[in-house]
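Just so it is clear, the model here is predicted, and its values are computed rather than measured. Below, all heavy atoms of this structure are taken into account, side chains as well, without hydrogens, waters or symmetry copies. In the text below, chain A, chain B and the rest are named by the order of the sequence lines, each starting its count at 1.
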2 protein chains.
Amino acid sequence: MKREQILKAGLKLFVTHGLHAVTIAQIAAEAKVGIGTVYRYFGSKEEIVQQIWITQKSEESAYIFNKYTQQGSLRSQFDFLWERVIRYFLEHPLEFQFSYQFAASPILTKEIHEVAMMDFLKFDELYAMGLEQNLFKPLTARRLRLFTFSTINGWLLWAMDEKMDIDDATIALFLQMCWDSIKA
Amino acid sequence: MKREQILKAGLKLFVTHGLHAVTIAQIAAEAKVGIGTVYRYFGSKEEIVQQIWITQKSEESAYIFNKYTQQGSLRSQFDFLWERVIRYFLEHPLEFQFSYQFAASPILTKEIHEVAMMDFLKFDELYAMGLEQNLFKPLTARRLRLFTFSTINGWLLWAMDEKMDIDDATIALFLQMCWDSIKA
DNA sequence: TAAAACTGACGGAATATTCCGTCAGTTTTT
DNA sequence: AAAAACTGACGGAATATTCCGTCAGTTTTA
């Protein structure tokens, strides 16, 4: 409970002010929790960031894979999963900003990234199938997945920044672009 | 001279340790400059970041557009420019990391982004021409440009992270993917 | 009622920022 | 053209400020 409040407060403050400008005291205040309590749960500001990252990725994957069934054409599965990614971020702009800002941060170690990204390996199975069927350009499943993910990430950044309103047709066209980019 | 040393030192330290973990004293030491001198040129750590951003984007565009001529087919111009972007970042990994890390940072205001991105508007002319010729999907030139840029940015992050070695063929395939994604 | 969780005031370490003496280079005076 | 006066960039010691992390006291839980 308190732990989640702290993570939530940290997420909000880090995104809006930047890591360097946020103090533990501010986080405690935002979380409506004593400073000491923050230290009960986390050893440092950096650890808070790491735990936000892990928690966030876990919630993200829960959202994405909830209701996912490996039925229908490969293309429809592709669309389903990536659309979920897009919708998750559109509905959670703070989480998106956080995800983008810290993706390349030296605070997050390779191990943390590996753990946090575990769930996303399911995407690779999809891409592997596509490769078997010669649907995609000759790269590894992992690289194709990372490529699409990067594209979506970047696109969302400016889409949100420009407060572009994103309707179903926009998403459909965008997914088409993602598909076309890796199509054989 | 001293100013550049400070910016260079800041770039290196921010990328390797993260903004929050770097002190002005460290920057001064790395730049082989007195602490007071840092304050002669910059008002605060945040201002250093902003000036690095502006300087970096300016150097990047100088590199990209140097030798660029609006000759040849649209596709060859497309390839030329984006290949320059890719090569600039491959040759300047610190700058790339910095660029990626701070792209979504709250330290950089809209104004700074606008000023720093001014030079990149030339890309839009190219895309506008493509749109006139019905070569591209029906989006604005700006959006198409941002889409390609996002794609490249994201791709490079992973490529560098995985220490993937990137030869001419890889770049060519990648540019093909960029083209295919926006092609009508 | 004992244990666990929580709180926030506090001391001191870390850090940002200021301030001033120095001196290499430049201009003015004689 | 030599000497004197001036200038302001510079470094880093000194100061001001912030922030961390602890712990004694309080509240909640079981």
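- No hydrogens or angles considered: a donor-acceptor pair under 3.5 Å links the side chains of B:W158 and A:S150.
- Nearest to the side-chain atoms of B:Y39 among the listed nucleotides D:dG11, C:dT18, D:dC20 stands C:dT18.
- A:L131 places a side-chain heavy atom less than 4.5 Å from the side chain of A:L144.
- Using a 4.0 Å cut-off between charged nitrogen and carboxylate oxygen, A:E60 and A:K57 count as a salt-bridge pair.
- Looking at heavy-atom distances under 4.0 Å, B:F42 makes no contact with the nucleic acid at all.
- Distances were taken from every side-chain heavy atom of A:R40 (C-beta onward) to each of C:dA5, D:dC10, C:dT17; the shortest belongs to C:dA5.
- Defined by atom type and a distance below 3.5 Å, a donor-acceptor pair is present between the side-chain atoms of A:T170 and A:D167.
- Side-chain atoms of B:Q77 and B:Y68 form a donor-acceptor pair, as typed in the model, at a separation below 3.5 Å.
- Here the nucleotide nearest the side chain of B:I35, chosen from D:dG11, C:dC6, C:dT17, is C:dT17.
- We find that A:E4 and A:K8 are not joined by a salt bridge, their nearest charged nitrogen and carboxylate oxygen being 4.0 Å or further apart.
- Remark: A:T37 is in phosphate contact with C:dT7, judged by side-chain N or O atoms under 4.0 Å from OP1 or OP2.
- Across C:dT18, C:dC6, D:dC19, the shortest atom-to-atom separation from the side chain of A:T23 is found for D:dC19.
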- Task: For DNA chain C, produce a single dot-bracket line, 5' to 3'. Pairs: Watson-Crick or G-U wobble, both distances under 3.5 Å. Symbols: ( ) within strand, [ ] crossing, | other strand, . unpaired.
- Result: ||||||||||||||||||||||||||||||
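- Looking at the side chain of A:K2, the nearest of the listed nucleotides C:dA16, C:dA9, C:dC6 is C:dC6.
- Distances were taken from every side-chain heavy atom of A:V33 (C-beta onward) to each of D:dC20, C:dT7, C:dA16; the shortest belongs to C:dT7.
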